[in-house]
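These notes are about the structure you will find just below.
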Amino acid sequence: MLCSQMFFPTLREVPSEADVVSHQWLLRAGFIRKTTSGVYTYLPLGYRVIKKITEIVRQEMDRAGGQEVMMPIVQPAELWQQSGRWDVYGDEMWRLRDRHDRAYCLGPTHEEIITTLVNADVHSYRDLPLLLYQIQNKYRDEIRPRFGLMRGREFIMKDLYSFDVDHAGLQISYEKMRQAYNRIYQRLQLSYRMVEADSGAIGGSASHEFMVLAETGESEIVYCDACDYAANVEKAVCSPAAGAEPEECGEMITISTPGLRTINDLAEHMQIAAQEQVKTLFYTSDGELVAAVVRGDRELNEIKLKNALNCNELLMADEAVVRERCGAGFGSLGPVGLDVPLYVDLEVPQMAAISCGCNRDDFHYSRVKYGRDFTATAVLDLRSAEAGDPCPHCQGHLLKMRGIEVGHIFQLGLKYSVALDATYLDKDGQQKPFVMGCYGIGVSRTMAAAVEQNNDADGIIWPMPIAPYHAIIVPVNANKAEQWEAAWRIYQQLQELGVEVLLDDRDQRAGVKFKDADLIGIPLRITIGPKSLQEKQVELKKRWEGETHLIAIDQVAAEVVAIIEQASQVKMG
RNA sequence: CGGGAUGUAGCGCAGCUUGGUAGCGCGUCUGGUUCGGGACCAGAAGGCCGCAGGUUCGAAUCCUGUCAUCCCGACCA
């Protein structure tokens with residue numbers, strides 16, 4: 001491709017709407033343009049990257065036995081009403097009506113369609129397992145689209161759905177996908193981690209997320225410094241240190257704490273360390289008031305609480321409601337003498353002497369003991385994991401980092417097949433519901449994640465397997481015949497060797513061409529300049545290293561091919 | 001939906017307090033000189049000042065409404 005003919009509108013300045021690096025670079029380098037909030041157009045370079053990513057995904061899905069289908073984006077409401085998700089999905093579902101006023105949505109995911117499809121045409125255990133996948137646009141009317149491609153309202157997603165006869169079959173399909181996902185992210189050359197995850201609204205049992213490691217990631221993950229345990233903090237198990245029985249302490253006492261409302265207030269003014277306090281948080285669980293208690297220096301994990309309560313909606317309680325039930329406002333509340341279902345974190349019963357609110361404004365209790373002064377509806381793991389916590393699987397300790405969720409695999413089980421009455425006949429002629437799994441990869445988000453992880457002050461540094469082009473040839477001055485002829489010859493050679501190559505034939509100064517080459521992140525740059533050309537040499541620069549090497553002009557094509565081959569290798573392990 | 005901010009040329013911004021029909025840098029076009037890391041000179045094109053009302057002789061500027069975009073939060077395959 002000749003640069004003079006290529007549509008890649010690069011920008012010198014950062015558009016003001018972008019403030020994460022991937023968004024900035026993708027806009028500046030001319031890979032994407034915003035069409036409306038959360039909806040983007042992929043320009044030629046951007047679309048080439050998308051195609052590279054989807055091709056890797058496609059190959060690995062096919063290798064694992066998947067078959068690609070194309071499903072509709074416009075989906076009828078009835079299908080979603082049958083599964084019960086038309087109402088559950090809420091405002092995030094992008095709904096529309098046709099001229100007859102019939103309701104539809106733009107598919108946020110395709111469980112309903114695929115399950116209905118498979119049910120219509122798969123009737124026997126002999127046809128299972130079946131793995132079907134799609135790579136398409138999906139739609140979620142996000143409350144707040146942000147970070148460019150990272151959280152859009154229209155996005156490209158690969159979803160594979162597995163149908164098995166039983167749970168053992170699902171385990172096999174799930175394992176195939178897990179391996180396929182590892183291969184995919186290795187081939188994409190992204191630094192990633194597979195973590196245990198909460199399955200959230202999708203439902204089902206086991207679930208893993210694939211996180212591209214990046215400071216700007218929206219997800220927090222913990223991982224063990226000794227074994228391979230890793231989990232989303234939403235999911236990470238907190239096992240309390242196996243401590244001795246808590247020591248005895250004297251009778252509970254009441255202390256006056258005028259104006260002291262927060263954990264920090266008590267720590268500062270009363271010299272009560274945060275880990276000697278508890279915080280009592282009030283929620284309404286499907287309309288009913290509940291309280292949760294964690295140690296003063298811990299964070300309550302709302303997802304764990306929500307899972308424990310098995311409720312649909314969990315909201316922070318209104319202060320007026322709490323005051324009416326408990327007799328005090330936020331800042332003076334505690335678990336003693338409460339007439340509210342009480343969920344207590346595992347650590348709390350281990351505490352020697354607890355300080356907490358007294359359910360009376362401006363007073364606190366001290367020397368409170370669990371079991372003696374209050375008891376819980378349930379004692380369970382409720383807090384969020386933190387760096388330094390003991391690993392739940394070994395003697396190691398947890399470390400924390402951030403990640404971008406680029407893949408998520410779920411064991412759905414019977415959820416959708418039962419809801420949609422999707423069954424097959426087993427060996428004994430019995431009707432059985434399909435046992436399902438679903439496996440997603442955010443393709444457009446993966447492109448953003450790759451940039452997030454591979455850039456420098458000059459622009460993007462594409463990993464070879466997903467670079468829009470492998471190499472770019474830059475004649476310093478294309479008006480000089482000998483430079484142009486050398487450039488053209490190398491260009492022809494590389495094309496014949498199957499290299500995806502750009503030739504910057506624009507009538508621009510060298511600096512402009514270098515800046516653009518760096519900005520769009522082409523891995524290899526071949527520079528043809530007057531001095532080296534006299535020695536029958538050209539310069540070769542690897543974008544990811546920055547140094548240039550002189551190389552004989554008739555060897556450069558072979559060298560470029562060798563480098564591409566080497567840089568495209570899957571880094572296994 | 002709550003909080004904050006911004007809409008002025010393709011991009012980045014000034015002008016608004018103190019009303020007088022719009023300016024800078026980059027980019028674009030023409031000509032010339034240049035030519036190894038975003039050149040220089042000369043000229044030019046390009047704006048319904050987000051939209052709709054209102055105040056006023058007169059509104060980018062003041063008032064009201066509305067729409068859009070971005071940030072923080074709640075939310076999240």
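Just so it is clear: chains get the letters A, B, ... in the order the sequence lines come, proteins before strands, and each one is counted from 1. For the numbers below, each heavy atom of this structure counts, side chains included, while hydrogens, waters and symmetry mates do not. Small disclaimer: the values here were computed from a predicted structure and weren't measured.
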Sugar-phosphate, base or nothing in reach of A/E234, heavy atoms under 4.0 Å: nothing
Base of B/G27 paired with side chain of A/E13 (donor-acceptor, under 3.5 Å): no
Atom-to-atom span, CG of A/L27 to P of B/G10 - whole angstrom: 17 Å
Value in whole Å for how far the C1' atom of B/A77 lies from CZ of A/R85: 9 Å
Sugar-phosphate, base or nothing in reach of A/K34, heavy atoms under 4.0 Å: sugar-phosphate
Sugar-phosphate only, base, or nothing, as touched by A/D458 at under 4.0 Å among non-hydrogen atoms: nothing
Spacing between A/E17 atom CD and B/G10 atom C1', to the nearest angstrom: 13 Å
Test: A/R489 cationic atom under 6.0 Å from A/W484 six-membered ring centre, within 45° of axis: no
Heavy atoms of other groups near A/Y47 OH, more than 12 under 6.0 Å: no
Base partner of B/U56, which must satisfy Watson-Crick or wobble distances under 3.5 Å: none
Between B/C76 (C1') and A/D198 (CG): distance, integer Å: 11 Å
Base of B/G37 paired with side chain of A/D518 (donor-acceptor, under 3.5 Å): yes
Ion pair A/D504/A/K513, N-O distance below 4.0 Å: no
Base B/G38 to side chain A/R28, donor-acceptor N/O within 3.5 Å cut-off: yes
Which nucleotide in B/C71, B/G37, B/G12 has an atom nearest any side-chain atom of A/F514: B/G37
Euclidean distance for C1', B/A14 against B/A60 (whole angstrom): 12 Å
Integer-rounded Å distance: B/C76 C1' and A/R153 CZ: 15 Å
Side chains of A/E535 and A/Q537, donor plus acceptor under 3.5 Å: no
A/Q483 (side chain) and B/G36 (base): donor-acceptor pair under 3.5 Å: no
Ring center gap for A/F31 and A/W462 short of 6.0 angstrom: yes
With A/Q134, the side-chain contact (heavy atoms from CB on, under 4.5 Å) member among A/I113, A/L160, A/D159: A/D159
Separation of B/C71 P from A/E218 CD (nearest whole Å): 11 Å
Touch class at under 4.0 angstrom, heavy-atom based, for A/V14 against every strand present: sugar-phosphate
Selected nucleotide, minimal atom distance to A/K541 side chain, candidates B/A77, B/C76, B/G37: B/G37
Sugar-phosphate, base or nothing in reach of A/P108, heavy atoms under 4.0 Å: nothing
Nearest-nucleotide pick for A/T36, side chain only, options being B/C13, B/U69, B/G27: B/U69
Touch class at under 4.0 angstrom, heavy-atom based, for A/R525 against every strand present: base
Note: A/R140-A/E154 ion pair, threshold 4.0 Å (strictly below): no
Touch class at under 4.0 angstrom, heavy-atom based, for A/P530 against every strand present: base
Touch class at under 4.0 angstrom, heavy-atom based, for A/K158 against every strand present: nothing
Atom pair distance, as rounded to whole Å: CG in A/L550 and C1' in B/G36: 13 Å
Separation of B/C76 C1' from A/W94 CH2 (nearest whole Å): 16 Å
Polar side-chain contact A/R144-B/G4 base: donor and acceptor under 3.5 Å: no
Base B/C76 to side chain A/R151, donor-acceptor N/O within 3.5 Å cut-off: yes
